[in-house]
Amino acid sequence: MSMAREAIIEERPVPPEGRLSFPMLMLRILGNPVASWGEDFYREGIVVYRWLGIETAFVMNPKAIESILLDTTGSYSKQPLNDEVFGAAIGGGLLSAEGEDWRWQRRLTAPMFRADDMLGFVPAFAAAATPMLERWKTAGPGAVQDIDRDMTRVTFQALQDTVLGASVGEEERRFIEEASAKFLVHSIWKVALSSLRLPPWIPHPGARAMARDGQTMRGVAARVLARARESGTGGNDLLQRLITARDPATGEAMPDRLIIDNLVTFLVAGHETTSQALTWSLYLLALFPEWQERLREEVRQAVGDGGSIARDDIAKLVLLDQAFQEAMRLYSPVPLLMRLTTRPVTVGDVALKKGAMIIVPIYVIHRHRRLWQDPLTFDPSRFSPEAKAGRPRCAYMPFGAGPRTCIGGTFAMVEGKTLLARILASARLELPEGEQPLPFARITLRPKGGLKLKVTMLDKGAG
């Protein structure tokens, strides 16, 4: 029996007929990118704007996207976009590096993110939820909880226990949780300036705060690295592995500057994307309680009531995996990707000049009328092996696609499924009256104003 039902989808403020002018589109993007794309975006493969010499192409066609993200000719670049948006905060780490610099970093770090090693973190991921579950238990049945804030805290705890080790103080932890969110909120102004080909130094709301928070986060990362080096424990956390990693071809270690760059990337984006994916997943499971119960039963079959989640249990959570992927389809943690053309190119059947902006709106692609049947329906069966078999490669890409697929994608999937399993085994989630979160894009996709759910702890599994 099908468990699919139509989800409550946010209001769509753009009229279904007609297209916004480019200046109006930019104004809408400043307000909320996912509220700026009209109905034509959800029907067409490519939408192009040409205005005052500025050329911008929104690409939704999976084949065209594949040609961009799998390009080997150097025709598309993330720079200077990433530098203009993130500034000095994340420096030249994996997120921003290109060419041989990126290939060297990827070669050095890829062995640390092997799937088998990520499964070794399952006990730590599960344990990270314990303080939150205890707070929920103390609050009493049906208490309303700030789910988005709780997911930020629990994913940061997981990050600390598996990536950073014991090198983050409580004051630093609170600062990072707050500063990383604020940093991402203000970054939309940088995106708009880049889209209009305006210099990033133009004053805008939050500009000074971004620069200040970015430098402070780099200072925190530098102190974390120094403590990790001083401890010399050779622990199993990813930071210690990064410190001791050597290029298999040259034996070269990663310099401290790049370690700090990548640490800030983990701090700013690493836990933020997973926390938002979990937030939206819990919203959908509260919205569709029959799916919540179905997944809870699968977790109980796999680990038992109140049982500890072990690495081998993750493979048993087939429906949970499908539901998590479907949640990231409807609410992609990163709603768009951006590239600049470095030479004249043809994308699909559209000729673009050098310096054209290409925007891949993942949020739109995941809800595109030509790619998904009933795209606004929550239906985890879309991610059964049979359903996935005939799907275009770039129709679904919560972690990007091609060589630059997020290196932490497996980490995020294992973490997300472990935490979902722990929560579902321990608590029942319900939507409060009138709670209907609006997706709000600020590099990551978050519920505007947060998400509140009523939480009731179950008789078993709270410990």
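As a basis for the values below, the full set of heavy atoms in this structure was taken, side chains included, without hydrogen atoms, waters or symmetry mates.
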Only pairs at least two apart or in different chains count here, so list each salt bridge (charged side-chain N to carboxylate O under 4.0 Å, His left out) that has a residue in residues 112-133.
->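 Non-adjacent pairs meeting salt bridge (charged side-chain N to carboxylate O under 4.0 Å, His left out): Arg114-Asp117, Asp116-Arg311, Asp117-Arg241.
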
Salt bridge (charged side-chain N to carboxylate O under 4.0 Å, His left out) pairs, two or more places apart, involving residues 395-408 =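 Output for this query is empty, none listed.
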
State whether the side chain of Ser195 and the backbone N or O of Val191 hold a donor-acceptor pair below 3.5 Å, judged by distance alone.
->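 Yes; at least one donor-acceptor contact below 3.5 Å.
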
Is any side-chain heavy atom of [X] less than 4.5 Å from a side-chain heavy atom of [Y]?
| X | Y | value |
| --- | --- | --- |
| Met60 | Val47 | yes |
| Leu431 | Leu453 | yes |
| His271 | Val163 | no |
| Gln145 | Leu429 | no |
| His366 | Pro398 | yes |
| Leu419 | Leu278 | yes |
| Asn262 | Met254 | yes |

Cation-pi check, Arg367 to Tyr331: give yes when NZ or CZ is under 6.0 Å from the six-membered ring centre and within 45° of the ring axis, no otherwise.
->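 Yes; both conditions hold, so Arg367 lies above the ring face of Tyr331.
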
Phe383: what forms a ring-ring contact (aromatic ring centres under 6.0 Å, His included) with it, not counting sequence neighbours?
->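 Phe383 satisfies ring-ring contact (aromatic ring centres under 6.0 Å, His included) with Tyr396 only.
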
What are the two closest non-hydrogen atoms of Ala128 and Ala158, and how far apart are they?
->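 Where Ala128 meets Ala158 most closely, the heavy atoms are CB-N, 3.8 Å.
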
Ionic contact status for [Y] with [X], cut-off 4.0 Å:
| X | Y | answer |
| --- | --- | --- |
| Arg329 | Glu326 | yes |
| Glu230 | Arg227 | no |
| Glu298 | Lys316 | no |

Look up atom CD1 in Ile259 and atom OG1 in Thr109, then write down how far apart they are to the nearest 0.5 Å.
->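 Nearest 0.5 Å value for the CD1-OG1 distance: 11.0 Å.
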
Before giving the answer on side-chain contact (heavy atoms from CB on, under 4.5 Å), spell out for Leu282 and Met151 the whole-Å C-alpha distance, their side-chain angles and the decisive distance to 0.1 Å.
-> CA-CA 10 Å; Leu282 294 177; Met151 293 306 104; 3.8 Å; yes

Determine the interplanar angle of the Tyr283 and Trp280 rings, folded into 0 to 90°, and report it as parallel if under 30°, tilted if 30 to 60°, perpendicular if over 60°.
->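 Judged by the thresholds at 30° and 60°, the geometry between Tyr283 and Trp280 is perpendicular.
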
Measure up the Phe288 and Phe378 rings against each other and bin them: parallel (under 30°), tilted (30 to 60°), perpendicular (over 60°).
->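 Correct class here is parallel.
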
Yes or no on side-chain contact (heavy atoms from CB on, under 4.5 Å) for Lys448 and Asn32, after CA distance, side-chain angles and deciding distance?
-> CA-CA 10 Å; Lys448 188 174 185 179; Asn32 185 5; 5.9 Å; no

Evaluate the criterion side-chain hydrogen bond (donor to acceptor under 3.5 Å, both in side chains) for residue pair Thr444 and Glu272; output intermediate values, then yes/no.
-> CA-CA 7 Å; Thr444 58; Glu272 169 74 11; 3.0 Å; yes

